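All values reported here derive from a predicted model rather than from experimental measurement. Per chain, numbering begins at 1; letters A, B, ... match sequence-line order.
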Amino acid sequence: AQTVTQSQPEMSVQEAETVTLSCTYDTSESDYYLFWYKQPPSRQMILVIRQEAYKQQNATENRFSVNFQKAAKSFSLKISDSQLGDAAMYFCAYRSQSFNKFYFGSGTKLNVKP
Amino acid sequence: ETGVTQTPRHLVMGMTNKKSLKCEQHLGHNAMYWYKQSAKKPLELMFVYNFKEQTENNSVPSRFSPECPNSSHLFLHLHTLQPEDSALYLCASSQASSGGVTDTQYFGPGTRLTVL
């Protein structure tokens, strides 16, 4: 079974600075999807960014970008110009191309200091 | 809001009680999911419904019983739960292709369940 590992249980960043959250995964598949989800305190989990494994170009959504290293099975999230509203739990997730299953990491709690 | 609602938002129940969690999605999706979220653990996928048919059951104890009467509604019936079942239960939905493969999930706010 696929596994997703987030090795940083908690991180802090100063407002307006840049922070990178790490995610690694284990799979034998060649095609799959990767996601970063954000879960603010007491609020719904929402999609931040997604990446198709067959695309070499790293996905970008405004201040959020990923560094996808397929060979290393690494999928880190970079948040630029951090804002107070970015404080949340961030979950890395993997979905198989062929199977209707999602695998989530244990999450990284991001604190943003004013 | 993402168009997925869950009720109730909080539930406290005894081990002998029977209760149900409800999820409704307003996104026109045809796949729905139940997850269990415990502190400092990865989300655990419990059940998956594609086109109202259950396609996954990840070895969930029988004290959890899902029901999907249509593609917009999903229930999780609870009975004789244990204290270790206390967690946040999340519902999600997505759009599945005819081959059953889905893409991005949209989550509800969750039901915080406490079993005494």
Side-chain angles (χ1 to χ4, degrees), chain A residues 1-11 21-26 29 31-55 59 61 64 66 75 88-109, chain B residues 1-7 9-10 23-27 29-51 53-59 87-112:
Chain A
Q2 286 75 9
T3 57
V4 178
T5 302
Q6 294 179 248
S7 59
Q8 305 150 316
E10 188 167 356
M11 296 188 71
L21 309 183
S22 300
C23 173
T24 58
Y25 56 94
D26 182 29
E29 299 176 326
D31 291 326
Y32 46 86
Y33 293 81
L34 297 165
F35 304 83
W36 278 99
Y37 282 90
K38 169 186 177 182
Q39 187 179 38
S42 301
R43 296 187 63 185
Q44 288 172 253
M45 192 176 306
I46 58 173
L47 178 70
V48 175
I49 198 166
R50 65 190 288 270
Q51 173 83 40
E52 293 93 336
Y54 62 86
K55 290 187 178 179
E61 288 287 344
F64 298 88
V66 299
F75 183 61
M89 283 290 290
Y90 285 82
F91 294 93
C92 179
Y94 170 104
R95 179 179 77 73
S96 169
Q97 170 75 0
S98 304
F99 298 99
N100 191 17
K101 284 190 175 184
F102 287 77
Y103 300 89
F104 284 80
S106 55
T108 296
K109 183 180 180 182
Chain B
E1 298 297 336
T2 59
V4 181
T5 58
Q6 290 186 243
T7 55
R9 295 293 305 274
H10 300 271
C23 175
E24 183 174 1
Q25 59 94 2
H26 312 273
L27 301 169
H29 291 163
N30 53 19
M32 298 187 77
Y33 311 76
W34 279 117
Y35 285 91
K36 175 183 179 182
Q37 185 178 24
S38 304
K40 300 182 180 179
K41 291 178 64 177
L43 267 68
E44 300 173 51
L45 179 63
M46 300 175 71
F47 301 103
V48 181
Y49 278 84
N50 264 0
F51 302 96
E53 298 295 324
Q54 185 176 319
T55 59
E56 297 288 342
N57 176 345
N58 283 358
S59 303
L88 181 68
Y89 288 84
L90 293 171
C91 173
S93 71
S94 67
Q95 184 60 32
S97 67
S98 58
V101 179
T102 68
D103 204 291
T104 305
Q105 294 181 316
Y106 295 83
F107 286 83
T111 294
R112 175 69 62 186

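Side-chain atoms of A:Met45 and B:Leu43, non-hydrogen and from C-beta on, do get closer than 4.5 Å to each other. With contacts defined as side-chain heavy-atom distances shorter than 4.5 Å, the pair A:Gln44/B:Thr5 does not qualify. Counting heavy atoms from C-beta on, the side chains of B:Lys41 and A:Phe104 never come closer than 4.5 Å. Between A:Tyr37 and B:Gln105 there is a side-chain heavy-atom pair separated by less than 4.5 Å.
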Test B:Phe107 against A:Ile46 for side-chain contact (heavy atoms from CB on, under 4.5 Å), laying out the working first.
-> CA-CA 7 Å; B:Phe107 286 83; A:Ile46 58 173; over 6 Å; no
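Within the 4.5 angstrom heavy-atom criterion, no atom of B:Gln6 approaches chain A. Interface remark: B:Arg112 contributes no atoms to any contact with chain A (heavy atom separation under 4.5 Å). Interface residue A:Gln39: only side-chain heavy atoms are found under 4.5 Å from chain B.
Taking the six-membered ring for Trp, A:Phe102 and B:Tyr35 have ring centres at least 6.0 Å apart.
Rounding to the nearest 0.5 Å places CG of A:Leu47 at 6.5 Å from OH of B:Tyr106.
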